There are 2 protein chains.
Amino acid sequence: MIKKMKKISKNSPLPLYYQLKELLFELIKEGRLKTGDRLPAARKLAEYQDVSRMTVKKAVDELVNNGYLVRKQGSGTFVAELNKEYEISPIASFSEEMKKKGLSFKTELIKFDIINDKNAAEKLNIEAEDRIYHLQRLRIIDDLPFLLENTYLPIKDFPSLEKENLQESSLFKIMKERYGCILSRAEAEIEPVIINKDTAEKMGIKKQVLGLYLEQFTYSSDNKILEYTSAYYRNDSYKFKLKFKLNNLEEV
Amino acid sequence: MIKKMKKISKNSPLPLYYQLKELLFELIKEGRLKTGDRLPAARKLAEYQDVSRMTVKKAVDELVNNGYLVRKQGSGTFVAELNKEYEISPIASFSEEMKKKGLSFKTELIKFDIINDKNAAEKLNIEAEDRIYHLQRLRIIDDLPFLLENTYLPIKDFPSLEKENLQESSLFKIMKERYGCILSRAEAEIEPVIINKDTAEKMGIKKQVLGLYLEQFTYSSDNKILEYTSAYYRNDSYKFKLKFKLNNLEEV
DNA sequence: TAGGATAAGTGGTATATACCAATTATACAT
DNA sequence: ATGTATAATTGGTATATACCACTTATCCTA
């Protein structure tokens with residue numbers, strides 16, 4: 001069994017399979033379970049945690065679905081490659097990829113304002129007079145900025161958000177942990193653009209360059225827009241990559 | 001119960017939950033189950049199909065995961081909106097979106113050659129001397145081409161593929177049904193480009209335009225490259241859209 | 001020693017059952 | 001007619017059990 005593995009709690013309001021999933025995920029994230037490592041057999045893990053094998057299966061199922069684990073019938077369940085197989089969120093895949101290469105990834109908060117903007121309000125599907133947070137952030141890999149993004153959040157959904165919070169933690173993390181948001185899905189539109197001088201300068205680019213412009217909406221599980229982001233990705237030093245799972249039902 | 005619903009076969013080598021999933025998916029695809037329709041209750045469906053409720057649950061689970069169905073505890077399980085919530089494959093989302101708007105979607109096969117190309121072989125991760133199918137296809141919506149793509153397939157994996165097959169059915173469908181491929185995942189890189197005159201002309205564009213260039217690799221479940229496609233997307237009349245699910249485990 | 005049969009271990013599917021949580025329908029009292 | 005309590009229905013979680021399919025380890029035989 002995994003050394004000093006925590007036990008899940010039977011008294012928790014959270015489902016057992018969910019607790020187990022989180023527990024295993026933490027072990028992977030913390031590196032106590034490394035790429036290629038074999039998980040304890042489902043039967044053993046079930047015995048150790050004092051739950052049924054089916055409960056273990058359900059926990060593992062979800063991690064397999066999310067690409068963190070790989071099953072091999074007759075052989076075992078193994079930790080998948082660190083660069084997750086199904087990673088679509090563009091920034092996530094950038095940061096993963098860079099971390100893999102041992103490069104540093106950081107975010108610089110350029111602006112944090114409270115605004116009142118008709119266009120942004122429309123995008124967020126709220127009243128024109130509603131106040132909105134406007135964040136401008138620069139994403140940097142190894143001192144080289146690769147995207148400049150403007151994020152808009154309705155104040156009413158995220159009361160008393162402070163600049164400091166954002167410097168300590170990631171926005172998504174704050175949304176989830178502090179405001180209890182359930183981030184469910186996102187939609188993005190991608191366009192080729194010639195990055196204007198002003199934007200380019202903020203990224204430290206001198207001449208006009210070709211780049212990608214991306215608009216993204218993040219939705220909660222009840223289909224409300226939680227966040228709207230538009231971003232300019234430079235293309236001269238980075239590549240925009242998507243990894244996705246093919247659902248065996250669709251045609252095309 | 002759904003009118004004249006087929007019964008699944010207990011003698012089939014396919015798992016019961018899998019048969020049921022396919023059956024339900026067919027009903028949705030054929031429109032016999034429409035957006036918003038309620039599925040029979042799991043207990044009823046289990047009784048009708050003579051399987052356990054857990055088996056029904058597993059079948060429905062997968063369709064929920066793929067965004068075709070939506071569950072509401074205490075209320076029922078419903079058919080989700082036609083435009084699937086989690087659709088990443090760019091072409092799939094194009095065609096779905098267009099069908100929704102009542103526009104026609106067709107594919108024109110411009111080239112079907114057998115070639116011997118070092119670059120393509122390298123991309124496909126096969127020997128330089130291996131022969132390769134080269135397909136050039138134009139995707140058209142309502143008589144307006146929106147992308148030109150070059151697809152490369154190793155001959156050894158798809159013996160005796162004919163031009164005629166491709167005109168009748170989609171490539172993915174052929175790969176799956178005729179060659180028994182399990183399409184597992186794909187990776188794509190997106191770049192902004194100025195579409196050259198030759199390419200633009202094939203799409204019926206007169207002047208030079210900004211567009212997107214996409215390279216995509218499709219992998220089988222055992223991680224082999226099944227297909228390599230590069231495509232030019234025009235951006236003057238269409239928008240490149242991605243829809244994806246947010247996995248509640250990741251940060252960013 | 002090599003090969004093949006066997007056993008053990010792993011994940012995969014399937015069932016029957018039990019109880020919980022949320023929603024909806026019903027019956028009843030006012 | 002309205003509101004409220006209750007029952008019925010639906011999906012959610014969890015268990016114990018059984019057997020299958022595939023892989024790996026072991027043992028025995030030639």
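Just so we're clear, the structure is a prediction, and the values are computed from it rather than from any experiment. Quick note: numbers below take in every heavy atom, side chains included, and nothing from hydrogens, waters or symmetry partners.
Regarding L14(B), its CG atom lies at a distance of 15 Å from the C1' atom of dC20(D), rounded to whole Å. The CZ-P distance, from F78(B) to dA22(C), rounds to 17 Å in whole Å. The nearest whole Å value for the distance from the CD atom in E47(A) to the P atom in dT10(C) is 11 Å. Residue Q49(B) contributes atom CD, which lies 16 Å from atom C1' of dT15(C) at whole-angstrom precision. Across the protein-nucleic acid pair, K21(B) atom NZ and dA14(C) atom C1' stand 17 Å apart, rounded to whole Å.
Across all strands, V60(B) comes closer than 4.0 Å to no nucleic acid atom at all (heavy-atom distances).
Judged as a side-chain contact (heavy atoms from CB on, under 4.5 Å), and not counting sequence neighbours, the contacts of R178(A) are S160(A), N165(A), I174(A).
Counted by atom type alone, Y68(B) and E62(B) present zero donor-acceptor pairs between their side chains at under 3.5 Å.
No more than 12 heavy-atom neighbours from other residues, nucleotides or ligands sit within 6.0 angstrom of CD on E81(A). The local environment of CD in E122(A) is sparse, with at most 12 non-hydrogen atoms from other residues, nucleotides or ligands closer than 6.0 Å. With a 6.0 Å radius and a threshold of 12 heavy atoms from other residues, nucleotides or ligands, K156(B) has its NZ atom above the threshold.
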- Summarise protein proximity over nucleotides 7-13 of chain D in one line of letters, 5' to 3': B for base, S for sugar-phosphate only, - for none, counting protein heavy atoms closer than 4.0 Å. ---BBBB
- Item | Chi angles and distances behind the salt bridge (charged side-chain N to carboxylate O under 4.0 Å, His left out) call for D61(B), R71(B) | CA-CA 9 Å; D61(B) 270 347; R71(B) 280 211 184 90; 3.0 Å; yes
